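Have a look at the structure below, then the notes.
Residue numbers start from 1 in every chain, and the chains themselves are labelled A, B, ... in the order their sequence lines are given, proteins ahead of strands. Predicted model only: the values in this text are computed from it and were never measured.
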Amino acid sequence: MSYPFKEIEEKWQKLWQEKSLFSAKSSPEKKKYYLLEMFPYPSGKIHMGHVRNYTIGDVAARFKIMQGYNVLHPMGFDAFGQPAENAAIKNKSKPDAWTHKCIEWMEKELKKMGFSYDWEREVSTCDAGYYKWNQWIFLKMFEQGLAYKKASNVNWCPSCLTTLANEEVIDAGCWRCHSKVEQKELEQWYLKITEYKERLLEDLKLLDAWPDRVKAMQNNWIGKSEGVEIFFRLKESGEKIPVFTTRQDTIFGATYIVLAPEHPAVSGIIKGKAQEKEVLKFIAKVSKETKAIRASSEVKKEGVFTGSFAVNPVNNETIPIWVADYVLMEYGTGAIMAVPTHDQRDFLFAKEHKLPMRVVIQSSDQPRLPLDKQGGQGLTTNDQLTEAYEGDGTQVNSAQFDGLPNQEAKKKIAEWMEKAGIGKIQTHWRLRDWLISRQRYWGTPIPIIYCPKCGVVPVPYGDLPVELPEDAPFTGEGGSPLGKVKKFVEVSCPKCEAAARRETDTMATFFDSSWYFLRFCSPKDSSAPFDTKEARYWMPVDQYIGGIEHAILHLLYSRFFTKFFKDLGMVDFGEPFSRLLTQGMVLKDGEVMSKSRGNIVDPDSIISKYGADTLRLFVLFAAPPETELEWDDAAIEGSFKFLNRVWRIQENLREKADPALIRSLHKAIKKVTEDIGEFKFNTAIAGLMELTNAVYQYGADKEVFVRLVVMLSPLAPHFCEELWQRMGNSESILKTPWPEYDPKWLIEDTVTIVIQVNGKLRSKLDVTPNIATDALKELVLADEKLKPWIQNKPLKSFIIVPKKLVNIVV
RNA sequence: GCGGAAGUGGUGGAAUGGCAGACACGCAGGUCUCAGAAGCCUGUGUCGCGAGACAUGAGGGUUCAACUCCCUCCUUCCGCACCA
């Protein structure tokens with residue numbers, strides 16, 4: 001017979017709620033712990049990913065409560081977004097009603113898992129009480145010049161019918177629907193995240209408790225590269241052509257320069273040249289290719305000579321100007337100096353088009369690079385090299401810099417060029433400003449009014465929130481639905497009262513989630529986005545838990561917002577999340593669970609078969625939190641069996657425990673406490689299983705059983721509350737302090753010493769822990785089992801690791 | 001190409017310089033039962049009857065001792081990328 005999990009779970013979920021056991025209050029004299037899991041999009045159903053994410057968080061929260069911390073563990077919903085709107089189009093329902101229904105279901109599902117949330121702090125981003133503050137924050141950014149509108153080429157998803165941020169484009173496709181992203185010229189709102197690029201990069205170093213992977217990804221994304229802009233000049237007109245390089249140490253090896261086909265100087269330099277027609281044809285061909293195609297043709301680098309020449313400012317050498325598709329207008333200056341000997345792409349291009357090469361960095365390894373002179377210019381012939389040498393070495397063919405190590409020359413050349421006015425030390429960044437306009441209904445309206453006389457006018461703070469009208473038409477045919485609601489669009493200008501129009505785009509939903517962790521500190525505040533005093537107490541988040549898919553998007557934006565609030569003086573810290581745990585995905589048969597693959601395991605079905613406690617236990621036991629978890633329908637039986645095994649102990653409690661069991665207990669307390677503290681739940685559970693096995697071996701008394709149940713309670717809370725109550729306790733088990741081990745029980749009367757001969761295990765001895773070295777040596781050498789291994793070979797050394805091991809080397 | 005993570009039994013995984021495979025799943029045997037299920041007990045890396053030998057992606061190195069540290073390489077996953 002299995003234990004009655006269904007009754008037990010329902011009973012305790014009800015009791016916890018009645019007692020508001022998890023409602024948090026700030027109290028400065030108590031140590032706080034803010035534990036947060038990434039809030040979900042309210043799809044209506046929770047999936048295994050949610051179960052895993054929130055179970056990890058819940059165990060940590062309950063553990064910290066029992067350790068005496070004042071714990072804040074809130075939950076809310078990232079409720080704006082396209083699925084609600086798509087559902088509205090499909091079912092002719094309203095996004096608002098649909099979303100609230102979903103939230104209701106979702107809450108129920110979360111409650112069925114027994115999570116310890118402070119539901120009084122629940123927040124939904126689609127409530128006007130929340131998104132009012134999105135608008136407030138937007139206006140503050142607008143005042144600081146951090147929110148601005150500009151026309152440019154933007155990413156456009158033809159299926160979602162809206163623009164996308166760079167961070168939302170994955171493999172040239174839309175992050176949500178994977179449609180191929182198109183480029184479109186549009187006037188859109190941007191947030192100047194680039195203003196914070198230095199700090200966003202620099203402060204990554206402060207995040208010791210973040211996974212390296214996430215930091216590396218952000219580092220990559222921000223993409224700082226330091227180099228020099230070198231001013232080449234056109235031979236004929238003397239016009240400046242700046243090129244950007246990070247390898248200024250190779251400047252003396254530049255044998256041609258290459259312009260992007262879109263480079264503005266191209267049309268001027270080909271005019272009247274014999275090559276004009278050919279170049280124009282080439283440009284036309286390239287312009288037809290999309291970014292993706294251009295990037296994918298990795299092997300062949302196509303290009304044409306322009307008929308013009310440029311002058312290298314470091315040696316006044318005249319070199320040809322080419323146009324090629326491998327140079328991109330979007331990066332650097334859209335022009336490069338080509339050094340075929342020390343850049344592989346330039347090398348391939350030069351070889352293809354028979355362009356000259358010159359070695360300027362000599363490798364210190366053998367064989368040496370060929371430095372054969374050709375026409376007295378230090379040129380290497382085309383067939384002497386098989387690839388570019390991109391490593392470090394010594395400068396050669398580099399005038400006054402000859403003989404210097406190239407890394408040193410890099411600094412000196414940069415300084416020299418700046419002094420001589422032929423270059424400028426410069427840093428390029430990959431990070432672009434964040435496009436937040438979306439041509440969608442179900443989001444926060446951007447609080448801006450366009451007046452024919454006053455121009456762009458921010459909505460006055462007193463008029464916030466700009467509420468979403470309820471009766472927007474959803475056709476799915478494109479164009480912002482808000483634009484079709486007359487009474488929304490037509491307003492009078494707040495400044496001059498002339499007839500004006502409202503902005504009809506809404507904000508990207510990542511705006512909403514960039515500061516929700518602050519809102520949880522004072523979720524009902526009606527005078528500010530958050531109460532600075534409350535935020536000072538609770539923030540930063542001590543432990544944040546969520547999926548790796550947000551490594552750049554949400555986590556970068558949240559860091560940006562936090563720094564913005566710091567600049568406004570609203571918070572006194574620059575990073576929102578002290579520790580970050582990115583949990584691994586849940587797989588089935590080696591693949592991510594997804595509807596399209598049809599390999600979804602519904603948490604509900606598991607709960608009704610085994611109960612939430614078994615489900616919790618299994619997702620924690622099957623793998624460490626950071627790694628992928630392979631779902632196994634059979635293995636979950638093991639977790640269920642374990643709970644039943646613990647359940648049966650209560651029927652057979654003894655009067656007095658065996659000392660061997662007491663020893664196991666104290667060992668287990670030490671292990672489980674350390675492991676839960678380090679989020680090593682799988683081994684913590686193994687420790688509890690071992691203790692349970694020991695109980696079966698020796699028989700348990702009440703004292704041992706009590707501690708077992710207390711330690712199990714963060715992991716299987718309903719189950720343990722029930723046992724706790726049956727043991728005669730009236731208070732929740734959460735009010736019980738976490739057990740402590742007594743070190744005296746960890747001291748063994750005898751220890752087993754492993755005896756090795758030449759590093760191989762040959763025997764074992766039981767001795768007292770503090771045995772004298774000589775006595776131990778004597779004992780070991782008397783061991784009959786070792787005789788065949790030692791024979792009468794001379795003893796080279798005798799290594800003793802106290803209480804553990806002896807190694808005899810012969 | 002650059003950056004990150006990982007590679008251990010049939011499976012999930014444990015061990016961060018000191019007994020490789022904890023704890024589970026699975027499998028096999030036993031016990032209980034009229035029988036089955038559940039429970040309980042035992043066994044279970046490979047080869048070998050055995051003593052023992054071999055085994056942590058491959059190969060080297062450091063060390064009395066290496067899954068663990070160092071070097072070279074291979075494979076898989078993830079991020080970025082004609083980034084100058």
Side-chain angles (χ1 to χ4, degrees), chain A residues 1-2 170-171 211-225 227 243-248 250 257-258 260 291 294-302 324-328 330-339 343-346 348-349 390 428-430 548-549 551-552 584-585 587 618 621-624 626-639 641-642 644-645 648 671 680 682-690 692-693 696-697 752-764 788 796-810:
Chain A
M1 277 302 288
S2 61
I170 314 286
D171 288 334
D212 290 339
R213 177 148 79 127
V214 174
K215 286 188 280 185
M217 280 164 79
Q218 292 213 357
N219 195 24
N220 247 335
W221 189 261
I222 296 167
K224 181 179 187 176
S225 84
V243 306
F244 176 72
T245 183
T246 55
R247 291 299 305 273
Q248 60 274 15
T250 65
I257 74 172
V258 188
K291 229 173 164 176
R294 230 171 112 177
S296 70
S297 59
E298 272 171 305
V299 213
K300 193 145 189 202
K301 312 203 178 303
E302 292 188 76
D325 58 357
Y326 77 96
V327 175
L328 306 174
E330 304 88 80
Y331 190 79
T333 59
I336 62 158
M337 63 174 203
V339 184
D343 181 287
Q344 186 61 14
R345 282 161 309 157
D346 295 345
L348 294 173
F349 191 82
E390 294 181 334
H428 274 273
W429 301 81
R430 217 188 139 270
I548 188 72
E549 67 273 18
I552 296 172
M585 301 220 240
L587 309 180
F618 177 69
F621 181 59
E626 305 83 358
T627 55
E628 287 173 338
L629 187 156
E630 176 67 34
W631 182 266
D632 186 338
D633 283 320
I636 191 168
E637 295 268 0
S639 301
K641 253 176 14 192
F642 168 62
N644 280 303
R645 240 162 109 77
R648 281 192 302 270
K671 179 175 175 58
K680 287 154 77 177
N682 54 333
T683 51
I685 293 169
L688 291 168
M689 286 174 167
E690 274 179 274
T692 305
N693 292 344
Y696 270 76
Q697 192 182 339
T752 305
I753 302 261
V754 171
I755 301 165
Q756 300 179 330
V757 179
N758 290 337
K760 295 219 185 246
L761 173 72
R762 296 303 179 196
S763 180
K764 287 181 186 185
K796 265 205 214 141
S797 75
F798 194 92
I799 292 139
I800 298 173
V801 182
K803 294 178 203 176
K804 268 191 185 156
L805 175 142
V806 166
N807 191 10
I808 304 164
V809 187
V810 293

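Taken from CD1 in A:I753 to CD1 in A:I800, the straight-line distance is 8.5 Å, to the nearest 0.5 Å.
Taking atom C1' in both B:rA5 and B:rG10, one finds a spacing of 26 Å when rounded to whole Å. Going from the C1' atom of B:rG12 to that of B:rC74 covers 25 Å, rounded to whole Å. Nucleotides B:rG21 and B:rG13 place their C1' atoms 9 Å apart, quoted to the nearest Å. With both ends at atom C1', the span from B:rU11 to B:rA58 equals 24 Å, rounded to whole Å.
Sparse packing is recorded around NZ of A:K803, with 12 or fewer heavy atoms of other residues, nucleotides or ligands lying under 6.0 Å away. More than 12 heavy-atom neighbours from other residues, nucleotides or ligands sit within 6.0 angstrom of CG on A:D633.
Contacts of A:Q756 with the nucleic acid, taken as non-hydrogen atoms under 4.0 Å apart, include base atoms. Among the protein residues, A:R213 comes within range of the sugar-phosphate backbone only, with heavy atoms under 4.0 Å from sugar or phosphate atoms but none that close to a base. Counting any heavy atom pair closer than 4.0 Å across all strands shown, A:E630 reaches no nucleic acid atom. Residue A:V809 is classed as a sugar-phosphate contact, given heavy-atom separations below 4.0 Å to backbone atoms only.
Note: A:Y331 and A:F244 have perpendicular aromatic rings, judged against thresholds of 30 and 60 degrees for the angle between ring planes.
If you measure from atom CG of A:N220 to atom C1' of B:rA81, you get 9 Å, rounded to the nearest angstrom. Atoms CZ (A:R430) and C1' (B:rC82) sit 14 Å apart, rounded to a whole Å. B:rA81 atom C1' lies 13 Å from atom CD1 of A:I552, rounded to whole Å.
Between A:G227 and A:Q248 the shortest heavy-atom distance is CA-OE1, 4.2 Å.
Pairing for B:rU16 is absent, judged as Watson-Crick or G-U wobble with the two contacts each under 3.5 Å.
Residue A:N693 places at least one side-chain N or O closer than 4.0 Å to OP1 or OP2 of B:rA24. Here A:N682 does not reach the OP1 or OP2 of B:rG12: none of its side-chain N or O atoms lies under 4.0 Å away. Within the structure, a side-chain polar atom (N or O) of A:K641 is placed less than 4.0 Å from OP1 or OP2 of B:rC25.
Along RNA chain B, the nucleotide nearest A:E637 and the nucleotide nearest A:I170 are compared for position; the residue whose nucleotide lies closer to the 5' end is A:E637.
Between the side chain of A:N807 and the base of B:rC64 there is at least one donor-acceptor pair of N/O atoms closer than 3.5 Å. For B:rC19, the base has a donor-acceptor partner in the side chain of A:K764 [N/O atoms by modelled type, under 3.5 angstrom].
For B:rG50, the glycosidic angle deviates from 0 by more than 90°, giving an anti base.
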